[in-house]
Visitor: 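Here it is, the structure in full.
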Amino acid sequence: MSMQSLMVLGRQPELGLAELESLYGNGAIRKVGNKTAVVDVDPCWMAFDRLGGSVKFCKLLTTLDVIDWYLIEKYLLEVSPGFSSTMPPGKMQLGLSLIGYDTSVKRIHASGLKLKRAIMKTGRPVRLIPNQDLELNSAQVKHNRLTSENGWELVIVRDGRQTLIAQTIKVQDISFYAKRDRGRPKRDPKVGMLPPKLAQIIINLAVGQLPQNKLESICEIPAGQPIPKPLFNQSLLDPFCGTGVILQEALLMGYDVNGSDIDQKMIDYSQQNILNWLKQWYEFETDAKIEQADATNDNWQKFGQIDFVASETYLGRPFTSPPTSQILSQTISDCNLIIKKFLKNIYNQIAPGARLCLAIPAWSLGTAEFRFLPLIDQISDLGYNRVSFEHSRDQDLIYYRKGQIVARQLLVITRK
């Protein structure tokens, strides 16, 4: 059996599960607890850098048929000295993360000290990273070099009556995301700030299963070398491109991109962000076309074939306080009309089976309930099929932060 990967999911696990299922197929994914998933993909072939919905990427080492912490600790004490002997010389960085267990930080620290002593008996110096919570966060893992060749973060996950033990390979690069977000020269808070992580999820839901022949094993790349960008030779369109976040992330993933927006200011911003800043910073060539156009009547076929559509559509008025029912109804009607016209317009410009992921607005009613666009119930009449996921319900594919009124619902459809 090939090795498996264990993913620790982000703040909204349903989005991370749908993203993994989109890229690797529902049969390859198994949800474990509330925030992790086992993916039946060898860690060498896991395209972690493109995932917005998984914060930690681990190699599954073993499964134990116990959940008693004393027995788990006993196993770790037996195997840790042998594992440490496979590492290069030097001080070992050791960290422990527990997911799904009801125990104390104090107890984890005590177990960590026992492991440290057991490894030090082999003659290797060890530094134990202290836990502030049951799980070390991405910043702690990165800062303490727990994914370096002398680092060892063990992620211990409860799976029913079993325990999964995995080793962290990578964590999301927070500084890289910050550069792609706040480092761009042109941003506009008034039109909403699309986080790069969410842009990645939208793209991954739009493109579907990854072609294996286009990927490269990360295990074949020498340590310290950058992972080369795959070239998929597939074209992605963003017809509501705003400041170009989706175009940027799709380019970094290896897709050809084109975009348009009704607002010339947004086109100017996208062109500066993509054609100037991103090209210089990332040192790559692109012939992306970014033009002013109305998504309800433009013809994008002038750009060439459209393989996928990934976009944050018109979200309507930004509300900072709950609107009256009359204003909300009018806003819903306006958004519904524009997005419906867009879907009718692009229908004849894409091939049957072409896939789209649209971030469309949904409105929080202050409880756990949302108001949705009427067109969701008319998708079939518009000539599209909705793509549903095995591991995430349709109604859970909502990107939302507490206190927000306008949320983003991720709608995945294919042309009939």
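This is a predicted model, so every value here is computed, not measured.
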Visitor: I'd like to know whether CD of Gln264 has more than 12 heavy-atom contacts from other residues, nucleotides or ligands below 6.0 angstrom.
Guide: yes
Visitor: Which residue pairs satisfy the salt bridge (charged side-chain N to carboxylate O under 4.0 Å, His left out) criterion with at least one member in residues 5-26, sequence neighbours excluded?
Guide: none
Visitor: Quick check on Arg145: does its CZ atom have over 12 non-hydrogen neighbours (other residues, nucleotides or ligands) under 6.0 Å away?
Guide: no
Visitor: Apply side chain to side chain contact (heavy atoms under 4.5 Å, CB included) to residues Leu60 and Leu164 and explain how you reach the verdict.
Guide: CA-CA 7 Å; Leu60 191 58; Leu164 307 180; 3.9 Å; yes
Visitor: If the condition is ring pair (Phe, Tyr, Trp, His ring centres under 6.0 Å), which residues does Phe319 pass it with, not counting sequence neighbours?
Guide: none
Visitor: For Asn137, does its backbone N or O pair with a side-chain atom of Gln140 as donor and acceptor, under 3.5 Å?
Guide: yes
Visitor: Is atom NZ of Lys106 surrounded by more than 12 heavy atoms (other residues, nucleotides or ligands) closer than 6.0 Å?
Guide: no
Visitor: Which residues pass the salt bridge (Lys or Arg N to Asp or Glu O under 4.0 Å) test with Lys59, not counting sequence neighbours?
Guide: none
Visitor: How long is the span from the OH atom in Tyr399 to the CD atom in Glu312, to the nearest 0.5 Å?
Guide: 10.5 Å
Visitor: Quick one: does any side-chain atom of Asn273 pair with a main-chain N or O of Tyr269 as donor and acceptor, under 3.5 Å?
Guide: yes
Visitor: Between the main-chain N or O of Leu23 and the side-chain N or O of Asn204, is there a donor-acceptor pair closer than 3.5 Å?
Guide: no
Visitor: Got a sec, which pairs hit disulfide (SG to SG under 2.5 Å) with one end in residues 90-123, sequence neighbours left out?
Guide: none
Visitor: Specify the closest pair of heavy atoms between Tyr101 and Ile67, including all atoms of both residues, with the distance to one decimal.
Guide: CE2-O, 3.6 Å
Visitor: Calculate, to the nearest 0.5 Å, the distance between atoms CG and CD belonging to Asp396 and Gln12 respectively.
Guide: 9.5 Å
Visitor: Which value, rounded to the nearest 0.5 Å, describes the distance between Gln349 atom CD and Asn299 atom CG?
Guide: 4.0 Å
Visitor: Walk me through whether Ser175 and Asp173 qualify under side-chain hydrogen bond (donor to acceptor under 3.5 Å, both in side chains).
Guide: CA-CA 6 Å; Ser175 58; Asp173 190 335; 2.8 Å; yes
Visitor: Kindly write out the residues that satisfy ring pair (Phe, Tyr, Trp, His ring centres under 6.0 Å) with Tyr255, not counting sequence neighbours, or none if the list is empty.
Guide: Phe232
Visitor: Closer than 3.5 angstrom, by distance alone: can the side chain of Gln172 be matched with the main-chain N or O of Leu51 as a donor-acceptor pair?
Guide: yes
Visitor: Tell me whether His391 contacts the main-chain N or O of Asn26 through its side chain, where contact means a donor paired with an acceptor under 3.5 Å.
Guide: yes
Visitor: Keeping Asn345 on the side-chain end and Asp298 on the backbone end, is there a donor-acceptor pair under 3.5 Å?
Guide: yes
Visitor: Are any side-chain N or O atoms of Asp68 and backbone N or O atoms of Tyr70, one a donor and one an acceptor, separated by less than 3.5 Å?
Guide: yes
Visitor: Answer yes or no: is there a side-chain heavy-atom contact under 4.5 Å between Leu98 and Asn131?
Guide: no
Visitor: Walk me through it: do Phe240 and Met266 pass the test side chain to side chain contact (heavy atoms under 4.5 Å, CB included)?
Guide: CA-CA 9 Å; Phe240 300 82; Met266 292 297 100; over 6 Å; no
Visitor: Under the rule for side-chain contact (heavy atoms from CB on, under 4.5 Å), what residues qualify as partners of Ala118, not counting sequence neighbours?
Guide: Leu77, Pro81
Visitor: Are the side chain of Asn336 and the backbone of Leu373 linked by a donor-acceptor contact shorter than 3.5 Å?
Guide: no
Visitor: Got a salt bridge between Lys170 and Asp49, using NZ or NE/NH1/NH2 to carboxylate O under 4.0 Å?
Guide: yes
Visitor: Are the side chain of Gln404 and the backbone N or O of Arg401 linked by a donor-acceptor pair below 3.5 Å?
Guide: yes
Visitor: More than 12 heavy atoms of other residues, nucleotides or ligands under 6.0 Å from NZ of Lys416: yes or no?
Guide: yes
Visitor: Between atom CG of Asp42 and atom OG of Ser5, what is the distance when rounded to the nearest 0.5 Å?
Guide: 6.5 Å
Visitor: With Asn233, which residues qualify under side-chain contact (heavy atoms from CB on, under 4.5 Å), at least two apart?
Guide: Lys214
Visitor: Assess the side chains of Ser22 and Arg355: does a donor N or O sit below 3.5 Å from an acceptor N or O?
Guide: yes
Visitor: Tell me, which pairs form a disulfide (SG to SG under 2.5 Å) where one or both residues lie in residues 10-75, sequence neighbours left out?
Guide: Cys44-Cys219
Visitor: Looking only at heavy atoms, which two atoms of Ser104 and Leu134 are closest? And how far apart?
Guide: C-CD2, 3.9 Å
Visitor: Of all the heavy-atom pairs spanning Glu153 and Val141, show the shortest one and how long it is.
Guide: OE1-CG2, 3.5 Å
Visitor: If you take all heavy atoms of Leu6 and Ala166, which pair is closest and at what distance?
Guide: CD2-CB, 3.9 Å
Visitor: Is there a side-chain contact between Val79 and Leu61 (heavy atoms, below 4.5 Å)?
Guide: no
Visitor: Under the criterion side chain to side chain contact (heavy atoms under 4.5 Å, CB included), I'd like the reasoning laid out for Leu198 against Val245: C-alpha separation, chi angles, the key distance, then a yes or no.
Guide: CA-CA 10 Å; Leu198 178 57; Val245 182; over 6 Å; no
Visitor: Could you report the tightest heavy-atom contact between Ser392 and Leu17, atom names first, then the distance?
Guide: OG-CB, 3.5 Å
Visitor: Could you tell me whether the side chain of Arg124 and the main chain of Met120 form a donor-acceptor pair under 3.5 Å?
Guide: no
Visitor: Check step by step if side-chain hydrogen bond (donor to acceptor under 3.5 Å, both in side chains) holds for Ser311 and Asp238.
Guide: CA-CA 5 Å; Ser311 192; Asp238 183 353; 2.5 Å; yes
Visitor: From Gln272 CD over to Ile290 CD1, what is the distance, rounded to the nearest 0.5 angstrom?
Guide: 11.0 Å
Visitor: Would Gln162 and Thr63 count as a side-chain hydrogen bond (donor to acceptor under 3.5 Å, both in side chains) here? Give the steps.
Guide: CA-CA 7 Å; Gln162 294 183 314; Thr63 301; 5.6 Å; no
Visitor: Who are the salt bridge (Lys or Arg N to Asp or Glu O under 4.0 Å) partners of Lys340, not counting sequence neighbours?
Guide: none
Visitor: Hey, does Leu382 have a side-chain heavy atom less than 4.5 Å from the side chain of Tyr347?
Guide: no
Visitor: Evaluate the side-chain hydrogen bond (donor to acceptor under 3.5 Å, both in side chains) criterion for residues Gln200 and Tyr177: first the C-alpha distance (whole Å), next the side-chain angles of each, then the deciding distance (0.1 Å), finally the verdict.
Guide: CA-CA 11 Å; Gln200 287 181 312; Tyr177 277 113; 2.5 Å; yes
Visitor: Determine the minimum heavy-atom distance between Met87 and Gly151, stating which atoms define it.
Guide: CE-O, 3.5 Å
Visitor: Which pairs of donor and acceptor atoms, one on a side chain in residues 357-366, lie under 3.5 Å apart (sequence neighbours left out)?
Guide:
| residue | atom | partner | partner atom | Å |
| --- | --- | --- | --- | --- |
| Ser364 | OG | Gly366 | N | 3.2 |
| Ser364 | OG | Tyr400 | OH | 3.3 |

Visitor: Looking at residues at least two apart in the chain, or sitting in another chain, which of them share a ring pair (Phe, Tyr, Trp, His ring centres under 6.0 Å) with Tyr314?
Guide: none
Visitor: Please identify each residue that fulfils side-chain contact (heavy atoms from CB on, under 4.5 Å) with Ile99, with sequence neighbours left out.
Guide: Val8, Lys35, Thr36, Glu135, Val155, Val157
Visitor: To the nearest 0.5 Å, how far apart are CD in Glu249 and CD1 in Ile203?
Guide: 6.0 Å
